[in-house]
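Reviewing the structure listed below.
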Amino acid sequence: MDEKFKKPYDPAATEPRIYEAWEQSGYFNPDNLPADLLAATEGKAFTIVMPPPNANGNLHAGHALFITLEDILTRYKRMRGYRSLWLPGADHAGFETQVVYEKKLEKEGRSRFGMDPQELYNEILAFTLENKKNMEAQVRSLGASCDWSREKFTLDPDVVEKVQKTFIKMFEDGLVYRGKRTVNWCYKHQTSLSDVETENSEEVTPFYTFRYGPFEIGTVRPETKFGDKYVVMHPDDARYKDWKHGQTLEVEWINGPITATVIKDSAVDMEFGTGVMTITPWHSQIDFEIAQRHSLPMEQIIDWRGKLLPIAQEFAGINIRDARPKIVEKLKEKGLLVSVDENYKNVVKRCYKCQTVIEPQVKDQWFVKMAPLAAMAVTAVNKGDIRFIPDNFEKIFRYWMENAIDWNISRQIVWGISIPAWEKDGEWRASLTSPGEGWVKDEDTFDTWFSSGQWPLLTAGYPNGSDFPTYYPSDVMETGHDLIFKWVPRMVIFGLYLSDQPPFHTVYLHGLVNDAHGKKMSKSKGNVVNPLDLTNKYGTDALRMALVVGNAPGTDLALREDKVKGYKHFANKLWNITRFILENAPVSDATLNETDLALQQEFKELVADVTTDMDEYRMHMAAEKLYQYAWHRLADVILEESKPIFLGTDEAAKASRSAFLHSTLADLLALLHPFMPFVTEEIWSSIPAKKNYLMVTAWPK
RNA sequence: GCGCGCUUAGCUCAGUUGGUAGAGCAUCCCGUUUACACCGGGCAGGUCGGGGGUUCGAGUCCCUCAGCGCGCACCA
């Protein structure tokens with residue numbers, strides 16, 4: 001028996017050594033897997049594309065969860081004889097990273113505004129590459145058996161070029177268009193944002209009712225109302241039936257009399273307020289749509305920094321935050337303020353990074369025409385080409401695809417992939433290089449989801465790389481349920497659009513990792529758990545088990561330190577089970593007696609049960625069953641019952657029990673390996689059954 | 001407003017197609033007879049949120065109500 005079993009299992013001393021050995025072995029690369037292992041599937045591929053972590057900081061508990069789940073699937077399939085590829089990556093994370101970097105600049109008393117764009121880009125690139133190394137080291141420490149030789153970065157030159165070519169193809173296919181439309185504008189970050197980059201918050205805002213000629217109109221935003229010269233009501237509203245569409249009238253307004261025009265539009269809710277509203281098309285989505293329907297002119301009231309433009313006359317140059325009370329005061333003095341409801345509940349859109357109130361602004365941007373693409377995605381789901389785990393997420397996916405709105409892919413930030421579009425005299429062309437003299441390049445960059453949406457294709461080298469189509473489509477997309485409408489649909493759409501097939505057949509969605517009381521982790525609450533602190537204290541295997549057991553797909557998890565501690569004890573339990581067997585059971589290939597055959601049968605049923613769980617993505621069940629068997633069946637009962645046998649004189653019984661224990665230990669280590677790769681590999685290296693690494697040993701039958 | 005999810009032992013959660021309620025941690029009692037005190041043995045603890053229905057049988061399926069959480073939405 002190896003002397004090491006006389007001391008408790010020491011994860012810290014073991015894990016780096018084991019990971020190094022795995023990496024050296026080359027088996028993370030599916031092209032190097034042993035032929036006898038692959039024989040089981042005749043070399044079929046199994047591919048998971050890693051959701052590329054943002055290369056802008058440390059890994060958090062959510063990363064630890066997805067790395068654990070994906071590594072379990074990869075290791076399981078590898079042991080089942082698949083050419084298992086888990087392809088790692090790193091995301092430049094456009095806006096996210098730029099926000100992180102801007103905070104860093106702020107701390108240094110600097111600002112991105114006024115910086116040379118190329119200089120800023122280079123600084124962020126250096127920062128990102130440094131973080132990327134850090135991130136990769138952390139992924140390794142969690143035991144990820146991914147193929148580093150294939151690692152991709154979203155700013156690799158070939159990735160950038162392919163992303164740009166996709167845009168060009170979409171431009172030629174009429175799936176992207178240049179549109180002057182309402183966008184979500186963040187004053188702090190000076191960029192437009194997609195709908196998924198904003199959050200809604202319900203807030204209590206004063207609701208003002210003003211006299212507008214013969215009408216009363218309601219608003220929460222008096223500061224936008226300078227240019228309001230269209231008064232809108234529902235065509236069926238009996239109260240206003242005497243007012244005709246297009247009719248004009250003189251009204252006294254903020255800065256004097258104006259000529260207003262009556263517009264009838266069914267977008268107006270008759271039940272709300274007085275049923276009459278004025279519109280500010282430049283700064284409201286719904287007003288914009290009404291204005292479009294009636295071909296009304298629109299004018300910008302607030303500039304890109306949040307200050308009132310000259311149309312506001314005496315208020316020009318004032319920040320809208322400060323302008324509101326002043327304007328209300330003026331309207332009140334003019335006798336135009338009818339009432340104020342101080343308890344009005346209103347939904348306000350905010351920037352998901354800085355919580356700045358989002359301003360609708362009208363801007364020329366590139367939009368993806370979503371309807372035809374989304375229809376393809378719905379068809380694929382209807383045909384059963386994509387399965388969701390848990391399956392209720394299919395409804396959410398479907399809802400999102402059936403209500404898809406056109407996607408703004410232009411960002412006014414430097415940190416991203418440049419949009420290959422050129423403009424001359426109002427005409428736009430899409431091209432990698434300038435179409436000729438006088439063409440001006442679009443300065444904007446792509447929304448980061450435009451590139452990450454193509455990730456499964458890009459990692460496989462679409463359309464002509466050596467891994468395409470060997471490792472495309474991939475098998476499982478494992479990611480957080482919060483990405484069900486941010487990332488997953490975009491991957492499905494790009495996969496179908498570019499390759500005519502979905503990029504994966506299964507979408508496995510995990511929940512959030514919360515704190516011990518089920519509360520969302522946040523820096524401001526101070527309840528953030530650093531996964532590496534836990535692995536340093538209890539070992540990586542312990543953390544992995546704590547993240548998996550009892551964590552049903554799609555549901556959130558409360559991560560408690562005592563749970564991690566419990567599985568550290570379990571790793572040690574395996575250690576001591578091994579010690580007992582090595583000390584007491586001489587190696588034997590004796591035929592099993594009746595008692596031991598029954599034990600073997602019981603174990604075989606466990607193997608079958610666990611295998612089914614794994615095939616059905618019930619990793620949480622499999623892990624718990626293995627834990628129960630190892631501790632409360634094998635250790636508590638079978639080993640205890642073995643003691644008198646080994647102390648006795650019945651040599652046949654000893655031989656039989658020894659044979660059973662050795663084979664069961666070997667198989668149990670194999671079954672546990674995907675969950676607890678380090679301790680199982682370390683034990684495996686010291687038992688008689690060992691041939692090659694446990695990582696490339698066949699899954700028990 | 002629409003949609004989704006959750007409500008099971010003190011805490012955190014499992015419970016695959018409906019078949020006599022489970023785990024970990026915590027608590028309490030006992031134990032060092034040596035694989036392991038990073039341990040072992042044992043006790044206690046739940047009318048599975050309320051109500052109704054389908055069924056021979058429901059934590060599991062259906063309806064309804066309540067509470068909590070989350071997402072979506074152009075009510076100015």
Side-chain angles (χ1 to χ4, degrees), chain A residues 1 5-10 182 195-196 199-200 207-209 217-221 224-225 228 232 267-280 283-290 344-347 349 360 390 392-396 398-400 403 405 481-482 484-485 511-512 514-520 538-539 542 545-546 549-552 554-585 609 612-613 616-618 620-625 627-628 631-632 635-636 639-640 642-643 646:
Chain A
M1 186 192 77
F5 290 108
K6 292 190 174 167
K7 285 186 293 186
Y9 173 60
D10 179 2
T182 303
D195 291 86
V196 296
E199 340 183 291
N200 297 326
F207 182 83
Y208 304 94
T209 302
I217 57 145
T219 184
V220 291
R221 302 202 60 200
T224 66
K225 293 282 159 196
D228 287 17
V232 190
V268 176
D269 182 352
M270 288 187 270
E271 307 292 314
F272 186 84
T274 57
V276 181
M277 61 191 250
T278 61
I279 56 167
T280 314
H283 299 287
S284 156
Q285 171 86 25
I286 183 173
D287 295 2
F288 177 86
E289 286 167 11
I290 291 170
Y344 181 69
K345 274 189 193 150
N346 184 35
V347 174
K349 267 193 185 179
N392 61 288
F393 281 99
E394 184 182 315
K395 279 187 214 162
I396 297 173
R398 204 182 278 280
Y399 176 85
W400 197 260
N403 296 280
I405 56 174
H481 67 46
D482 53 326
I484 182 66
F485 48 76
L512 258 47
N514 292 323
D515 75 3
H517 300 287
K519 299 286 178 223
K520 194 168 177 172
Y538 303 109
M545 282 295 275
V549 175
N551 184 12
T555 59
D556 295 349
L557 172 81
L559 180 59
R560 300 183 326 285
E561 188 162 337
D562 62 8
K563 189 176 179 188
V564 184
K565 189 177 168 190
Y567 290 109
K568 177 193 196 305
H569 296 171
F570 179 55
N572 196 53
K573 191 75 183 179
L574 293 174
W575 196 251
N576 285 301
I577 288 170
T578 307
R579 178 179 171 182
F580 176 86
I581 293 173
L582 295 181
E583 275 182 341
N584 294 285
D609 199 13
T612 305
D613 283 339
E616 294 298 320
Y617 300 95
R618 293 190 296 258
H620 64 300
M621 297 296 294
E624 181 152 15
K625 284 169 187 169
Y627 173 91
Q628 286 303 316
W631 200 314
H632 299 301
D636 286 354
L639 292 192
E640 289 304 322
S642 300
K643 287 176 184 173
F646 291 126

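Note that the coordinates shown come from a computational prediction; the quantities given were computed from them, not determined experimentally. Throughout, protein chains are lettered first and strands after them, A, B, ... in sequence-line order, and every chain is numbered starting at 1.
A:I484 places its CD1 atom 14 Å from the C1' atom of B:C72, with the value rounded to the nearest Å. What separates CZ of A:F580 from P of B:A35 is a distance of 6 Å, to the nearest Å. Summarising the geometry, the separation between CD on A:E561 and C1' on B:C25 is reported as 13 Å, rounded to the nearest angstrom. Atom CD of A:Q285 is separated from atom C1' of B:C75 by 14 Å (rounded to the nearest Å). Atom CG in A:D482 sits about 11 Å away from atom C1' in B:C70, given to the nearest Å. Atom CH2 in A:W575 sits roughly 16 Å away from atom P in B:C38 (whole-Å rounding). Protein atom CD of A:E640 is 13 Å distant from nucleotide atom C1' of B:U32, rounded to whole Å. Taking atom CZ of residue A:F288 and atom C1' of nucleotide B:C75, one finds them 19 Å apart after rounding to whole Å.
Judged purely by distance below 3.5 Å, without hydrogens or angles, the side chains of A:Q285 and A:E289 pair a donor atom with an acceptor atom.
Note on A:K565: nothing from the nucleic acid sits closer than 4.0 angstrom, heavy atoms only. A:G539 comes within 4.0 angstrom of no nucleic acid atom, judged by non-hydrogen atoms across all strands. Using a 4.0 Å heavy-atom criterion, one finds that A:D636 contacts the sugar-phosphate atoms exclusively. Backbone-only engagement by A:F485 is indicated by non-hydrogen atom pairs under 4.0 Å involving sugar-phosphate atoms exclusively. Within the nucleic acid shown, A:W400 comes within 4.0 Å of sugar-phosphate atoms alone, with no base atom in reach, counting heavy atoms only. Heavy atoms of A:A516 sit under 4.0 angstrom from primed sugar atoms or phosphate atoms, though from no base atom. Nucleic acid contact class of A:V549 (heavy atoms, under 4.0 Å, all strands): none. Residue contacts shown for A:V347 include a base, since a base heavy atom lies under 4.0 Å away. A:N346 comes within 4.0 angstrom of sugar-phosphate atoms only, judged by non-hydrogen atoms across all strands, and of no base.
The backbone N or O of A:T280 lies less than 3.5 Å from no partner atom in the side chain of A:S284, so there is not a single donor-acceptor pair. Within the 3.5 Å criterion, the main-chain N or O of A:N200 finds no donor-acceptor partner in the side chain of A:K349. Between the A:D556 side chain and the A:L512 main chain, a donor and an acceptor come within less than 3.5 Å of each other.
Map A:E199 and A:E271 each onto its nearest nucleotide of RNA chain B; the residue landing nearer the 5' end is A:E199. Of the residues near RNA chain B, A:W631 and A:K573, the one whose nearest nucleotide (by heavy atom distance) lies more toward the 5' end is A:K573.
With both ends at atom C1', the span from B:C29 to B:G18 equals 39 Å, rounded to whole Å. On the C1' atoms, B:C63 is 16 Å away from B:U55, given to the nearest whole Å. Using atom C1' as the reference point in both B:G59 and B:G49, the two lie 12 Å apart (nearest Å). On the C1' atoms, B:C61 is 48 Å away from B:G31, given to the nearest whole Å. The separation of B:U8 from B:G22, taken at their C1' atoms, amounts to 10 Å, rounded to a whole angstrom. Going from the C1' atom of B:G24 to that of B:U20 covers 24 Å, rounded to whole Å. Using C1' as the reference atom, B:A14 and B:A21 are 12 Å apart when rounded to the nearest Å. Comparing the P positions of B:U47 and B:G40 gives an interatomic distance of 30 Å, to the nearest angstrom.
When each of B:C38, B:A35, B:C13 is scored by its nearest atom to the side-chain atoms of A:N572, the top-ranked nucleotide is B:C38. Distance from the side chain of A:N576 is smallest to B:A35 among B:A35, B:C75, B:A14. Candidate nucleotides B:C72, B:C75, B:C74 were compared by shortest atom distance to the side chain of A:I286, and B:C74 ranks first. Listed nucleotides B:A73, B:C38, B:A35 differ in distance to A:N200; the shortest reach to its side chain belongs to B:A73. Of the listed nucleotides (B:C38, B:C75, B:A14), B:C38 has the atom at the smallest distance from the side chain of A:K568.
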Practice item. Can you run through RNA chain B from 5' to 3' and write each base as (, ), [, ], | or . depending on how it pairs? Watson-Crick or G-U wobble, both distances under 3.5 Å. Key: (((((((..((((.....[..))))..((((.......))))......(((((..]....))))))))))))....
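With sequence neighbours left out, A:D636 forms a salt bridge (charged side-chain N to carboxylate O under 4.0 Å, His left out) with no residue at all. Legend: residues meeting ring pair (Phe, Tyr, Trp, His ring centres under 6.0 Å) with A:Y208, ordered by chain and number and at least two apart, are A:F210. Under the rule for a side chain to side chain donor-acceptor pair (under 3.5 Å), A:H620 has no partner lying at least two apart in sequence or in another chain.
For A:Y538 and A:Y9, the gap between ring centers reaches or exceeds 6.0 Å.
A salt bridge is defined here as a Lys NZ or Arg NE, NH1 or NH2 lying under 4.0 Å from an Asp or Glu carboxylate O, and A:K565 with A:D562 fails to meet this definition. Ion pairing between a basic and an acidic side chain is recognised when a charged N comes within 4.0 Å of a carboxylate O; A:E583 and A:R579 show such pairing.
Interatomic distance, A:F485 CZ to A:F393 CZ, rounded to the nearest 0.5 Å: 10.0 Å. Separating the CZ atom in A:F646 from the CG atom in A:N584 is a distance of 6.5 Å, to the nearest 0.5 Å. Of the inter-residue distances, the one linking A:I279 atom CD1 with A:D287 atom CG reads 5.5 Å to the nearest 0.5 angstrom.
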Polar atom pairs (N or O), protein with nucleotides 4-6 of chain B, under 3.5 Å:
none

Protein-nucleotides 22-24 of chain B N/O pairs closer than 3.5 Å?
unit_1, atom_1, unit_2, atom_2, d
B:G24, OP1, A:H632, NE2, 3.1
B:G24, N2, A:R560, NH2, 3.2

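Between A:H569 and A:W631, the closest side-chain pair of non-hydrogen atoms falls below 4.5 Å.
Taking side-chain N and O atoms only, A:H517 has no distance below 4.0 Å to OP1 or OP2 of B:C11.
Between A:Y567 and A:F570, the two ring planes are perpendicular [angle over 60°; tilted spans 30° to 60°].
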